[in-house]
Amino acid sequence: MKYDFTTVEPKWQKAWEENDAFKAVDFSEKPKWYGLVEFPYPSGAGMHVGHIKAYSSIEVISRKKRMQGYNVLFPIGFDSFGLPAENYAIKTNTHPHDITEKNIAHFSDQLRKVGFSFDWSRVIATSHKDYYKWTQWIFEKLFEHGLVFRSKTLVNYCPHCKVVLSNEDSQGGKCDICHSEVVQLPKDVWFLRITDYADKLLDGLNHVDYPDSIKQQEIAWIGKSTGAFVNFRLAGTDEKLEIYTTRCDTLYGVTFMVVAPEHPVLDKYKDRIRNWDAVEQYRKESAKKTEFERTQLVKDKTGVKIDGLMAVNPITGKEIPLFIADYVMMGYGTGAIMAVPAHDQRDYDFAKKFGMDIVQVIKGGDISKEAYTGDGEMINSGFLNGYTNKKDSIKAMLKHIEKEGIGHKGVQYKMKDWAFNRQRYWGEPIPLIHCPKCGTVTVPEEELPLELPPVKNFEPGTDGQSPLAKIDSFVNCTCPKCGGPAKRETDTMPQWAGSSWYFLRFCDPHNDKAFADRKKLEYWMPVDQYNGGMEHVTRHLLYSRFWHRFLYDIGEVNTPEPYAKRTYQGMILGADGEKMSKSKGNVIDPLDIVKLYGADTLRTYVMFMGDYQSAAPWSDEAVRGCKRFLDRVAGLTDIMTAEKEDPKLENSLHKTIRKVTEDIDNMKFNTAIAAMMSLINEFYKAGSITKDDLITFIKLLSPFAPHITEEIWQYIGMNPDGKTFITLSSWPEYSEEKAKDSVIELGVQVNGKVRGTVQLAADVSKEDALAAAKAEPNVSKFLEGATIVKEVYVPGRIINFVIRK
RNA sequence: GCUGGUGUGGCGGAAUAGGUAGACGCAAGGGACUUAAAAUCCCUCGGUGCUUACACACCGUGUCGGUUCGAGUCCGACCACCAGCACCA
């Protein structure tokens, strides 16, 4: 059969859609399977080959699951709020809404052209008001449950995008959107109390099937540590300076204290500080440093000793000096530390530079050279002397300080609360109202969605004010509680809000009474497999698990974790091995490949190019190799002439069914395709195959290359009415019996070196196998005149003669 | 520095639980078909040696050691690269 993909592919795409081939059925009797891919941000650039790879895994598995009799939900939508559209709109003097709708249409068209089996009746977009109504509704629930709070603290701020960023959005000190340096500014910001969920987010990882790399990264990001809070008194005052430590058992070794430059205690005791000028100067300098600079100079410690203020070591009663230094961060712990130079390298470096005492309290190491951070016997530590186990000494000290009232056990997280408001236009308006009488109140549920006003000028204010603040008709409102005049919150939600619950909406996308019907949620959730990028592990994945867990806690959803299984894909690099980027000119447009070779070729290549989880460079030649393979598949109809099944081919066929079935389940798509390539080589070598051979083969291939297999299926008369699709037929079953080899080839080693091979019946006896091996000419050559010390026979694997001459 | 991962031909990569290293594909070389090219088909394809040839021998999975009849796979030490975190007290 000759086939022309330019006509065949659109033909089947249309036929599938017209016949609702991929429609997920609520409450079907069949077992459900919910496969999810990260819905795209509809950028102006259109789809990237990375999207194709990311979606193809769940696509292939979904198509196979349908054939295996599952009721599959494989939805798609658009994460359509966000800064790039807004920035682009400003640049081109258009409106983000129009641009977004245009991009969504473009993306939808591209996705269809690749032949993905999405259920298009469930498509959603986070910027549509029937969707963001429920994003706002969930936010109000969070507010009602005390998980939203306002606080003026140092936050990450991107001067280029003119927005406050969360910690997750400024990893590595860079803005997640524009990659420029983030600065720390004191701002009044809305936070979501994600840290309240830190333990639940950690525990949830024990109940899901995620790769270790993902679990570890989330655990590290949450960064839980257990320790103690201890109060140090300022000498001559009642002021208590609280510190956090994981090693309270080293209290006897504390010889000075350090507070972060921003620590408020300094201002409070300004009058007593004799070198205030120096302190202020140091503060200014450290404020100027970027986060990057502040964390780079690890060795060279800077700081200023505070003249006029001393602290008191609560356990020894000794007065100790107090410093400010920027190696102590305001954002972790209490912004103040007890310094134990003998057992902490940073404190050690600092003590050496400023001539502080170094008191060893744990035996071991050489503290004349460096801090000793290992374990050992406690010394110079009063009642702790003689303890040799870290756990025990910490426990004993904790008991002591709790009894004395100078401290208590505590937990700290590296993760910070989620800075949630953005001073930009193209996002969900935060549904809060500021009333001078009632305080902050939520917009009543019946008034949701709080619609984004359609304005012309949405440029961000230079003073960090949201564009919405300029619209009086939006800002001024009446308080829903007292009816008095009030003002609306003018900031919008961050990029990640809408994506934090979209998988729930797919279960019931058109519901206008609830974010989703409870019964439908119970039917579809949890997501059985969710594929996405590694870059979202400490952003979207964490945020969405948090929202979902909250909804579970308030009884709105039926599972504590949203995703039963998470997988990820490796990046597609440019042909030069570099990350694809416009500036390098190595970007591949997936639609160019579709035009040139067809969607099936693109899909097959993307799955064949290498291990799914690994990064691999693009190769135009290798793409053509996949096209060649598919052309050979089309040619199979010409050799479909055999009447009787060849037992050897049948054996290979059943082995291939087993291999492809297992490989798809294990995401080993490259070897699944390789197995089919091997089989087709065998087919052509055999010269003729039966119709059943062909049917089985194209069924196996159909999840990868659905169009060509659909065309062959019809060509050989399997689709007389035009809607009996191969993609909805049954997945081939293999028989272990038929997949078994009757003759096996075994390697024969002499002293561990392969010297020959023997052909043996699969059920050969040990004696016969060894005899045949000894008779193999090249083996017998080595055995001549030697004593066989040992005969190793592993059935089906190897024969090894250990000899001595 | 810490955490996780990777290291195999010219290239992308195969190799359940230790058992014939290099499947499959690409590139390359040779040949067939063709006026020619493209396409297609057939053959060769880790290195070295030896051979008319079939064969065969030695070396070979980042480096050095170890365990084992047998190591790409397990253990120990190291090196390189990738990703994430990073003065986290």
Side-chain angles (χ1 to χ4, degrees), chain A residues 171-173 211-221 223 225 227 243-247 250 258 291-292 294-301 325-329 331-340 343-347 349-350 412-414 534-535 537-538 570-571 573 577 604-605 608-611 613-626 628-629 631-632 635 662 666 668 670-681 684 745-758 777-778 781 789-803:
Chain A
Q171 295 185 25
D212 261 2
S213 50
I214 291 180
K215 285 192 184 180
Q216 287 307 324
Q217 212 173 304
E218 287 214 346
I219 290 167
W221 185 257
S225 89
I243 61 95
Y244 175 74
T245 177
T246 53
R247 289 304 299 268
T250 60
V258 187
E291 191 82 3
F292 182 72
R294 230 175 121 164
T295 54
Q296 271 318 86
L297 308 162
V298 180
K299 268 274 155 192
D300 194 24
K301 297 279 178 291
D326 62 8
Y327 82 92
V328 175
M329 306 287 154
Y332 183 78
T334 61
I337 63 153
M338 64 179 213
V340 187
H343 306 291
D344 181 289
Q345 192 57 42
R346 296 153 303 173
D347 297 347
D349 294 340
F350 194 84
Q412 274 296 300
Y413 302 95
K414 288 185 195 175
M534 246 354 235
E535 70 275 16
V537 169
T538 52
M571 220 190 295
L573 305 171
T604 305
Y605 172 62
F608 180 63
M609 59 192 298
D611 176 56
Q613 266 97 2
S614 306
W618 184 267
S619 158
D620 281 325
E621 289 81 13
V623 173
R624 284 196 279 276
C626 288
R628 219 169 288 159
F629 166 61
D631 287 340
R632 276 160 70 79
E662 289 173 357
N666 298 322
K668 301 201 132 235
N670 53 336
T671 49
I673 293 168
M676 289 186 277
M677 287 173 167
S678 293
L679 184 61
I680 204 172
N681 289 344
Y684 276 105
E745 197 188 55
L746 220 54
V748 183
Q749 301 180 330
V750 177
N751 282 352
K753 278 201 164 124
V754 180
R755 297 301 178 184
T757 58
V758 285
N778 200 48
K781 203 168 82 192
V789 185
K790 195 174 174 184
E791 292 173 339
V792 179
Y793 174 59
V794 185
R797 296 259 181 224
I798 203 83
I799 293 168
N800 188 12
F801 296 112
V802 185
I803 59 161

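Naming convention: chains lettered A, B, ... in sequence-line order (proteins, then strands); numbering from 1 in each chain. A quick note: this is a predicted structure, and the numbers were derived from the prediction, not measured.
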_Closest non-hydrogen atom pair between A/Asp347 and A/Val340, with its separation_ = OD2-N, 2.9 Å
*Rounding to the closest angstrom, what is the interatomic distance between B/U61 and B/A71 at atom P?*
11 Å
*CE of A/Met534: more than 12 outside heavy atoms within 6.0 angstrom?*
yes
*Could you state the atom-to-atom distance from CE of A/Met338 to P of B/A89 in whole Å?*
12 Å
*So what does A/Asn778 hit on the nucleic acid, given a heavy-atom distance under 4.0 Å: a base, only sugar-phosphate, or nothing?*
sugar-phosphate
*Just name whichever nucleotide pairs with B/G18, Watson-Crick or G-U, keeping both distances under 3.5 Å, else none.*
none
*asked:* Using whole Å, what does the distance between atom P of nucleotide B/G12 and atom CG of A/Asp620 come to?
replied: 16 Å
_Rounded P spacing from B/C42 to B/A27 in Å_ = 15 Å
_Among B/A89, B/C58, B/C87, the one nearest A/Lys753 by side-chain distance_ = B/C58
*Give the rounded distance in Å between these two atoms: CD of A/Gln217 and P of B/G4.*
12 Å
*For B/A83, the Watson-Crick or wobble counterpart (both distances under 3.5 Å)*: B/U3
*Using a cut-off of 4.0 Å between protein heavy atoms and nucleotide atoms, how would you tag nucleotides 13-34 of chain B 5' to 3' with B, S and -?*
SSS-B-BBS-BBSSS-------
*Aromatic rings A/Tyr327 and A/Phe350: how do their planes relate, parallel, tilted or perpendicular, breaks at 30° and 60°?*
tilted
*asked:* Would B/G9 be called syn or anti here, given the cut-off of 90° from 0?
replied: syn
*Any side-chain heavy atom of A/Gln171 within less than 4.5 Å of one from A/Thr538?*
yes
*asked:* Using whole Å, what does the distance between atom P of nucleotide B/G12 and atom CG of A/Leu573 come to?
replied: 11 Å
_A/Thr538 vs A/Asp344, nearer the 5' end of RNA chain B by closest nucleotide_ = A/Thr538
*B/U67 and B/G29: how far apart are their P atoms, nearest whole angstrom?*
48 Å
*Please measure how far the C1' atom in B/U8 lies from the corresponding atom in B/G60, and state the result in whole Å.*
10 Å
_Using whole Å, what does the distance between atom P of nucleotide B/C88 and atom CZ of A/Arg247 come to?_
15 Å
*Considering only the P atoms, how many Å lie between B/A23 and B/G47, rounded to the nearest integer?*
13 Å
*asked:* As a test of reading the structure: which of B/C87, B/C69, B/G4 is closest to the side chain of A/Tyr327, going by heavy atoms?
replied: B/C87
*Which base, if any, makes a Watson-Crick or G-U wobble pair with B/A28, both distances under 3.5 Å?*
B/U44
*asked:* Measure OH/A/Tyr332 against P/B/A86 and give the value in whole Å, please.
replied: 12 Å
_Rounded C1' spacing from B/A17 to B/C74 in Å_ = 12 Å
*Between A/Arg632 and B/A39, does any side-chain N or O lie under 4.0 Å from OP1 or OP2?*
no
*Find the distance between NE2 (A/His343) and OG1 (A/Thr250) and round it off to the nearest 0.5 Å.*
7.0 Å
*In the structure shown, which nucleotide is the Watson-Crick or G-U wobble counterpart of B/U51, with both distances under 3.5 Å?*
none
*asked:* Looking at the base of B/C87, is there any donor atom on it, or on the side chain of A/Lys301, that sits under 3.5 Å from an acceptor on the other one?
replied: yes
*Can you check whether A/Val792 reaches A/Ile799 side chain to side chain, under 4.5 Å on heavy atoms?*
no
*Answer yes or no: is there a side-chain heavy-atom contact under 4.5 Å between A/Asn681 and A/Arg632?*
yes
*Please state how far atom CE in A/Met534 lies from atom C1' in B/U3, giving the value in whole angstrom units.*
11 Å
*Counting just side-chain N and O atoms, does A/Arg346 come under 4.0 Å of either OP1 or OP2 of B/G1?*
no
*Does a nitrogen or oxygen in the side chain of A/Tyr244 sit under 4.0 Å from OP1 or OP2 of B/A89?*
no
*Measure across A/Asn800 and A/Asn751 and return the closest heavy-atom pair with its distance rounded to 0.1 Å.*
OD1-N, 3.5 Å
*Rounded distance in Å - CD1 (A/Ile243) to C1' (B/C88)*: 13 Å
_Taking the C1' atom in each of B/G76 and B/C87, what is the distance between them to the nearest angstrom?_
32 Å
*asked:* If I pick the C1' atom on B/C26 and the same atom on B/G9, what distance separates them, to the nearest angstrom?
replied: 13 Å
*For B/C78, give its Watson-Crick or G-U wobble partner with both distances under 3.5 Å, or none.*
B/G62
*State, without any angle test, whether A/Tyr605 and A/Asp620 hold a side-chain donor-acceptor pair at a distance under 3.5 Å.*
no
